Amino acid sequence: MSGPYQCSLEIFDRPQIGKRFATFIVATNDPNPEPMCSYVFPVIQNTDCQLITATRDFVLKIALVDNGIDVDGIPDALCGIVLDGHYRELGD
């Protein structure tokens, strides 16, 4: 059974400015989803091969694992739901 939200995470490079970003998008989970919130964070790769960013309020860590990615450090209050956890690739 699916929940009331659908969350997506995209990691992308901007070669023209030499930076990598992570984008989180949270929307309602229905046929015509309504966006609830979205955030874009600049990320860098640390020595443990994790992607990290530090903001004024929190430290975001994204670890690449065999079957997806693990996300840690996003405050629940950012979008009103828990975004920390495991993400796996999906396709329509």
Side-chain angles (χ1 to χ4, degrees):
M1 178 173 190
S2 62
Y5 308 106
Q6 54 182 321
C7 303
S8 65
L9 167 66
E10 179 181 352
I11 299 170
F12 61 96
D13 291 319
R14 289 309 243 331
Q16 62 272 33
I17 61 173
K19 292 192 177 193
R20 179 174 283 172
F21 294 89
T23 302
F24 284 89
I25 300 171
V26 178
T28 58
N29 193 16
D30 51 55
N32 297 310
E34 292 290 325
M36 294 176 45
C37 67
S38 65
Y39 291 93
V40 178
F41 306 101
V43 292
I44 60 169
Q45 189 167 342
N46 70 8
T47 56
D48 294 330
C49 295
Q50 292 180 335
L51 298 174
I52 60 169
T53 193
T55 71
R56 184 177 69 214
D57 301 318
F58 61 92
V59 175
L60 168 66
K61 296 179 186 175
I62 302 172
L64 304 172
V65 293
D66 290 339
N67 58 351
I69 57 174
D70 290 328
V71 176
D72 183 43
I74 299 178
D76 297 351
L78 197 62
C79 282
I81 63 170
V82 176
L83 292 173
D84 284 352
H86 183 77
Y87 288 76
R88 59 187 170 90
E89 186 175 353
L90 294 175
D92 290 72

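All values reported here derive from a predicted model rather than from experimental measurement. All values below were derived from every heavy atom in this structure, side-chain atoms included, with hydrogens, water molecules and symmetry-related copies excluded.
Checking side-chain atoms of Asn46 against main-chain N and O of Asp48 turns up a donor-acceptor pair under 3.5 Å.
One hydrophobic cluster, built from ILVMFWY side chains closer than 4.5 Å, holds both Ile81 and Leu60. Hydrophobic clustering, with ILVMFWY side chains joined whenever heavy atoms are under 4.5 angstrom apart, keeps Leu83 apart from Ile52. In the hydrophobic clustering of this structure, Phe21 does not group with Ile44; members are Ile, Leu, Val, Met, Phe, Trp, Tyr whose side-chain heavy atoms approach within less than 4.5 Å, directly or through other members. At a threshold of 4.5 Å between side-chain heavy atoms, the hydrophobic network of Ile, Leu, Val, Met, Phe, Trp and Tyr places Val43 and Ile74 in one connected group.
Shown here are the ring pair (Phe, Tyr, Trp, His ring centres under 6.0 Å) partners of Tyr39, two or more places apart in sequence or in another chain: there are none. Under the rule for a ring pair (Phe, Tyr, Trp, His ring centres under 6.0 Å), the partners of Phe58 that lie at least two apart in sequence or sit in another chain are Phe41. In this structure, the side-chain contact (heavy atoms from CB on, under 4.5 Å) partners of Ile25, at least two apart in sequence or on a different chain, are Ser8, Thr23, Ser38. Among residues two or more places apart in sequence or in another chain, the salt bridge (Lys or Arg N to Asp or Glu O under 4.0 Å) test is passed with Asp13 by Arg20.
Residue Thr28 comes nearest to Gln6 through the heavy atom pair O-NE2, 3.0 Å, listed as atom of the first residue, atom of the second, then distance.
Of the residues listed (Asp84, Ile62, Val59), the one engaging Asp72 in a side-chain contact (heavy atoms from CB on, under 4.5 Å) is Asp84, and it is the only one.
Within the structure, side-chain hydrogen bond (donor to acceptor under 3.5 Å, both in side chains) contacts touching residues 60-69 (residues at least two apart or in different chains) do not occur. Within the structure, disulfide bond (SG atoms under 2.5 Å apart) pairs that include any residue of residues 11-44 comprise Cys37-Cys79 (at least two apart or interchain).
Proximity of Asn29 to Pro4: side-chain heavy atoms (C-beta onward) are nowhere separated by under 4.5 Å.
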